[in-house]
Amino acid sequence: MKTEQQLPKNIRQIGSPVGHTKVYIEDYVITFLNALAMDRNTFVRGAILFGEKKNISNDTVIFVRGAIEGQNLELDLDEAVFDDAVWREIYQQKDRFFPDLEVIGWALSRMGFSVRLNDKIKKTHFENFPGEGKVLYMVDHLEQEDDFYVYRGQDLVRQNGYYIYYERNPMMQDYLVERNQKIREAQSYENMLEAKRDEKVIRQFREKISKTAKASNRRGMLRKVTSAAAAAMVLVVGGTMYYYAKNDTSVDLKDMVRGAVQTMGDGVKNQISKGEEDDEIPSTLETEEETEETTQNTEETSTQKETSTRKETSETAATTAASARNTNSSQTYTVRRGDTLVSISKRMYGTQKKVEQIKNANGIEDGDHIYPGQKLLIPNS
């Protein structure tokens, strides 16, 4: 009768406990250990068990009343260390939450490794949890297996079953409340870091969009400036050609204008293409000062190129007219951009009737198939 009063009344039997050694584990504790085993982030988890051992009648009854997570048992059992620092932390936790209990054993979860013992597990138990009645709770959530082992007779003996009992357990409840609070705080901290990372990504995206818009505006401004410069060049070149054509009747004004416009157009096209290449957005974010400096350099370069293009075009027109006046004494003629056999005939002979003579002298059979830089033989008239 006395024995029945000392044993818990509200119990659930797991397996078929036999023999004179029995294990009783409180419901909060077994629930906590199973929760650790179900954590799929790691394959190995562990806990330190607290409780007491009693002799009731002829039986040795082991009560497991508390547990704390074993941080040193995470990830890999081969790297588990029970040094002075680890034991100091374990006993600090024990004194806070389970002051009236003793270290009664440990629990080990090995995902996918079953609940069989190996030499490493035995060695860890013998070195750190020696003494009769110290227990090891093994669980493999993947295989849905669990077992208790009790140190007895210099070895770990497997139990055929155990009991889960139900009672108020304020010590384990307090530990779980604090542990869950720390987990929530850790999650909140991780959420805060994630929010900061998201905010940084959004800020960089907005900066990139703003930089793209600025680059587009610069390209638009460059096109406008280039168009205005092209119009000015047309006026300058047209005036120059008109002057030479008025003073030299052998020069065909239409051919000169067509060649000059084509040359000028190529220069403008190259200038715009170069401007777009200079405005490419770099892969890394620039500072605001670097952006302003790049804009100033682009505008200065654009102004220099416009001045150079106007100068080159004027020199081209002047050279073309001067060459036209001096070709009567020359035996060869270098084809320029925009030249045709008709314009060359008018320039060299003063009439377009000499086209066939030029073609025959140079073996040209396919119409105006000439190209800039080509040397043509000009027969004497």
Side-chain angles (χ1 to χ4, degrees), residues 14-15 17-26 29-30 32-39 42-55 59-95 97-98 101-143 145-164 172 175:
I14 306 297
V18 296
H20 294 288
T21 302
K22 296 180 174 58
V23 177
Y24 285 76
I25 183 168
E26 201 275 324
V29 179
I30 194 69
F32 169 66
L33 296 179
N34 286 330
L36 282 181
M38 292 174 61
D39 188 352
T42 56
F43 289 99
V44 178
R45 301 299 295 271
I48 309 300
L49 305 181
F50 303 99
E52 55 189 339
K53 181 179 65 172
K54 292 184 178 182
N55 293 317
D59 295 335
T60 299
V61 182
I62 301 167
F63 294 93
V64 181
R65 301 183 184 274
I68 62 172
E69 185 174 5
Q71 301 292 343
N72 61 316
L73 295 172
E74 287 189 9
L75 301 178
D76 189 353
L77 181 62
D78 291 334
E79 299 178 1
V81 176
F82 284 90
D83 55 16
D84 292 341
V86 171
W87 279 114
R88 189 181 308 115
E89 175 66 21
I90 291 173
Y91 275 97
Q92 286 176 353
Q93 296 267 36
K94 182 190 98 61
D95 293 339
F97 299 105
F98 312 103
L101 303 179
E102 62 175 307
V103 175
I104 201 66
W106 61 310
L108 184 62
S109 167
R110 302 173 74 233
M111 188 78 71
F113 288 91
S114 78
V115 294
R116 292 188 298 272
L117 300 179
N118 58 31
D119 292 339
K120 175 63 178 178
I121 296 174
K122 287 184 177 182
K123 184 174 184 294
T124 302
H125 186 96
F126 297 156
E127 291 178 352
N128 298 282
F129 304 94
E132 290 288 326
K134 294 295 177 69
V135 300
L136 167 61
Y137 175 67
M138 292 278 292
V139 56
D140 181 356
H141 180 73
L142 188 64
E143 299 293 336
E145 295 179 342
D146 69 329
D147 268 315
F148 267 98
Y149 292 85
V150 179
Y151 186 83
R152 188 170 67 250
Q154 304 299 315
D155 199 3
L156 283 171
V157 179
R158 183 175 184 173
Q159 299 294 108
N160 293 323
Y162 60 92
Y163 299 94
I164 298 175
M172 193 64 194
Y175 169 74

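Throughout, numbering of the chain's residues begins at 1 and tracks the sequence.
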Does [atom1] belonging to [X] count more than 12 external heavy atoms closer than 6.0 Å?
X   : atom1 : value
D83 : CG    : yes
D95 : CG    : yes
F82 : CZ    : yes

Separation of [Y] [atom2] from [X] [atom1] (nearest 0.5 Å):
X    : Y    : atom1 : atom2 : answer
E145 : S114 : CD    : OG    : 6.0 Å
T60  : K53  : OG1   : NZ    : 6.5 Å
T124 : N128 : OG1   : CG    : 6.5 Å
E102 : F50  : CD    : CZ    : 10.5 Å

For residues [X] and [Y], report the shortest heavy-atom separation together with the two atoms involved.
X    : Y    : answer
Q159 : D147 : O-OD1, 3.8 Å
A67  : L33  : CB-CD2, 4.2 Å
G161 : P17  : C-CG, 3.7 Å
Y149 : V115 : OH-O, 2.8 Å
G66  : L101 : N-CD1, 4.5 Å
R116 : M138 : O-CE, 3.8 Å

Expected output: side-chain N160 to main-chain V18 donor-acceptor under 3.5 Å: no

Heavy-atom check, side chain of I14 versus side chain of Y162, under 4.5 Å: yes

Close side-chain approach of Y151 and F126, heavy atoms under 4.5 Å: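 Yes; the side chains approach each other to less than 4.5 Å.
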
NZ or CZ of K54 within 45° of F63 ring axis and under 6.0 Å: yes

Pair R152 + E132, salt bridge at N-O below 4.0 Å: no

Parallel, tilted or perpendicular: ring planes of F32 versus Y175, cut at 30 and 60 degrees: perpendicular

Which residues share a side chain to side chain contact (heavy atoms under 4.5 Å, CB included) with Q92, sequence neighbours left out: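 So Q92 forms a side chain to side chain contact (heavy atoms under 4.5 Å, CB included) with R88, E89.
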
Verdict with reasoning, F129 to W87, per ring pair (Phe, Tyr, Trp, His ring centres under 6.0 Å): CA-CA 12 Å; F129 304 94; W87 279 114; 5.8 Å; yes

